[in-house]
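Here the structure comes first, spelled out in structure tokens, and everything after it is commentary.
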Amino acid sequence: MKPGNSLMKHYLQFKDFRAEEYEYLFRRSAVIKTRFKNYERYTPLADRTLAMIFEKASTRTRVSFEAGMYQMGGSVVNLTSSGTQLGRAEPIEDTARVISRMVDLVMIRTYEQTKIEAFAAHSRVPVINGLTNEFHPCQILADLFTFIEHRGDIRGKTVAWVGDGNNMANTWLQAADILGFTLHVSTPSGFELDPVAAGVSNPDCLKVFKSPFAACEGAHLVTTDVWTSMGYEAEGETRSKAFADWCVDTQMMSLAQGDAVFMHCLPAHRGEEVSAEVIDGPQSVVWDEAENRMHVQKALMEYLLLGRIG
């Protein structure tokens with residue numbers, strides 16, 4: 001989409017898109033994934049360039065975006081704060097003005113959501129949130145697609161979030177609000193999810209439980225994350241004590257639906273937030289979930305740059 005086009009979209013948090021846009025993205029993700037599995041060449045983003053800006057470490061985000069862009073025929077420029085003017089106090093607005101004149105799409109993995117919002121406000125091209133302290137929309141996009149692959153429509157279902165009220169929990173809440181499912185949340189005291197920060201319009205989609213076991217009762221999907229996210233390492237010891245009862249184990253999973261699936265955005269720490277029996281067990285779909293980051297992001301980049309296909 002050309003600079004100045006009023007149709008240009010950014011993807012900075014899950015609620016930036018409507019339910020029908022997600023339905024389209026899930027369909028496109030399935031088509032793109034099938035082509036990939038069948039070794040069918042598909043290069044709609046030839047001559048397009050993605051700039052990736054990393055101020056936080058990354059494995060899955062970098063590989064999934066970089067491999068995905070190359071597979072779609074495009075090219076990638078990888079930037080870090082230590083190797084660019086981002087690390088020398090250049091205003092984010094100036095960085096956005098310059099980079100967006102040279103590439104077609106920008107993905108940013110950073111700390112504060114305000115930083116990516118400021119970049120997008122001064123960008124001539126679409127900007128994607130690869131993770132911030134507040135939100136992780138690409139991960140939830142992959143998680144939802146994975147659930148749909150394994151169990152069908154998520155509308156009317158129940159997702160149990162066990163652990164920290166972090167960026168993943170915020171994004172799951174936005175997804176529940178938009179896509180019509182219920183989110184059960186259980187966090188230790190002092191690490192609660194903040195519905196106001198998530199900015200949902202339907203508070204009834206959220207149910208909060210003191211007990212993680214109660215949160216898992218009847219759930220169709222149980223999911224968690226590390227106890228200490230990037231940027232909070234100084235709280236590691238405190239968090240380990242606070243979260244001791246929030247390890248997703250076989251007992252918790254037994255309270256969910258019989259065909260419930262387990263997800264984790266990875267990296268995982270077996271014996272902390274999840275037991276080895278669960279993450280390596282038959283209900284775990286974490287490896288499909290990780291792979292699907294690439295497929296949904298390919299669909300997302302295609303949509304942001306080319307609009308709807310067909």
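Note that the structure is predicted; figures quoted are calculated from it, not measured. For the single chain, residues carry numbers from 1 onward in sequence order. When reading the values below, keep in mind they use all heavy atoms of this one structure, side chains included, and skip hydrogens, waters and symmetry mates.
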Please confirm whether the backbone N or O of [Y] pairs with a side-chain atom of [X], one donor and one acceptor, at under 3.5 Å?
| X | Y | result |
| --- | --- | --- |
| Gln113 | Leu12 | yes |
| Ser254 | Gln251 | yes |
| His220 | Thr158 | yes |
| Thr43 | Gly73 | no |
| Ser64 | Thr61 | yes |
| Gln174 | Phe14 | yes |
| Glu289 | Met263 | no |
| Ser123 | Phe119 | no |
| Asn167 | Thr132 | yes |
| Asp280 | Glu277 | no |

Atom [atom1] of [X]: over 12 foreign heavy atoms under 6.0 Å:
| X | atom1 | result |
| --- | --- | --- |
| Arg308 | CZ | yes |
| Asp47 | CG | no |
| Glu237 | CD | no |

Check whether any side-chain heavy atom of [X] lies under 4.5 Å from a side-chain heavy atom of [Y], and answer yes or no.
| X | Y | result |
| --- | --- | --- |
| Thr250 | Val278 | yes |
| Val76 | Tyr70 | yes |
| Arg48 | Leu50 | no |

Distance only, no hydrogens: is a donor on one side chain within 3.5 Å (strictly under) of an acceptor on the other, for [X] and [Y]?
| X | Y | answer |
| --- | --- | --- |
| Arg270 | Ser275 | no |
| Glu273 | His264 | yes |
| Trp161 | Thr224 | no |
| Asn133 | Lys56 | yes |
| Thr187 | Asp164 | no |
| Thr146 | Asp288 | no |
| Tyr11 | Gln297 | no |

Working for side-chain contact (heavy atoms from CB on, under 4.5 Å), residues His184 and Val159: CA-CA 6 Å; His184 287 188; Val159 175; over 6 Å; no
Minimal non-hydrogen separation, [X] against [Y], with atom names:
| X | Y | value |
| --- | --- | --- |
| Trp246 | Ser186 | NE1-OG, 2.9 Å |
| Cys265 | Met168 | CB-CE, 3.8 Å |
| Ile279 | Leu266 | CD1-CD2, 4.2 Å |
| Trp227 | Phe243 | CZ2-O, 3.2 Å |
| Thr49 | Val103 | O-CB, 3.6 Å |

Enumerate the ring-ring contact (aromatic ring centres under 6.0 Å, His included) contacts for residues 267-295, please, sequence neighbours excluded, ordered by first and then second residue.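 Found Phe36-His295.
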Within 45° cone of Phe54 ring axis and under 6.0 Å: Arg109 NZ or CZ: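 Checked: cation-pi criterion not met.
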Residues Thr182, Cys205; criterion side-chain contact (heavy atoms from CB on, under 4.5 Å); working and verdict: CA-CA 5 Å; Thr182 301; Cys205 68; 5.7 Å; no
Begin with the C-alpha distance, continue with both residues' side-chain angles, and end with the deciding distance and a verdict on side-chain contact (heavy atoms from CB on, under 4.5 Å) for Gln13 and Thr171. CA-CA 7 Å; Gln13 50 185 301; Thr171 311; over 6 Å; no
About how many Å separate [atom2] of [Y] and [atom1] of [X], when rounded to the nearest 0.5 Å?
| X | Y | atom1 | atom2 | result |
| --- | --- | --- | --- | --- |
| Lys33 | Glu149 | NZ | CD | 3.5 Å |
| Glu117 | Glu134 | CD | CD | 9.0 Å |
| Met252 | Cys247 | CE | SG | 6.5 Å |
| Ile140 | Phe145 | CD1 | CZ | 15.0 Å |
| Arg28 | Glu23 | CZ | CD | 15.5 Å |
| Arg293 | Asp143 | CZ | CG | 9.0 Å |

With side-chain contact (heavy atoms from CB on, under 4.5 Å) as the test, would you mind laying out the steps for Asp225 and Asn166 before giving the verdict? CA-CA 9 Å; Asp225 194 3; Asn166 62 7; 3.0 Å; yes
According to a 4.5 Å side-chain heavy-atom criterion applied to Ile, Leu, Val, Met, Phe, Trp and Tyr, with indirect links allowed, do [X] and [Y] form part of one hydrophobic cluster?
| X | Y | result |
| --- | --- | --- |
| Val208 | Val162 | no |
| Phe135 | Val185 | no |
| Val63 | Met301 | no |
| Tyr42 | Val296 | yes |

Should the ring pair Tyr24 and Tyr303 be called parallel, tilted or perpendicular, given that the plane angle runs from 0 to 90° and is split at 30 and 60?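 Rings of Tyr24 and Tyr303: tilted, as their planes differ by 30° to 60°.
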Pick from Ile178, Leu173, Val200: which one makes a side-chain contact (heavy atoms from CB on, under 4.5 Å) with Lys15?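 Answer after filtering Ile178, Leu173, Val200: Ile178.
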In terms of side-chain geometry, is the basic nitrogen of Glu112 or Lys115 positioned less than 4.0 Å from the acidic oxygen of its partner?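 Answer for the salt bridge query: no.
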Listed partners of His136 passing ring-ring contact (aromatic ring centres under 6.0 Å, His included), at least two apart: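 For His136 there are no ring-ring contact (aromatic ring centres under 6.0 Å, His included) partners, ignoring immediate neighbours.
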Could you work out, with ring-ring contact (aromatic ring centres under 6.0 Å, His included) as the rule, every residue matching Phe26, not counting sequence neighbours?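 Residues passing ring-ring contact (aromatic ring centres under 6.0 Å, His included) with Phe26: none at all.
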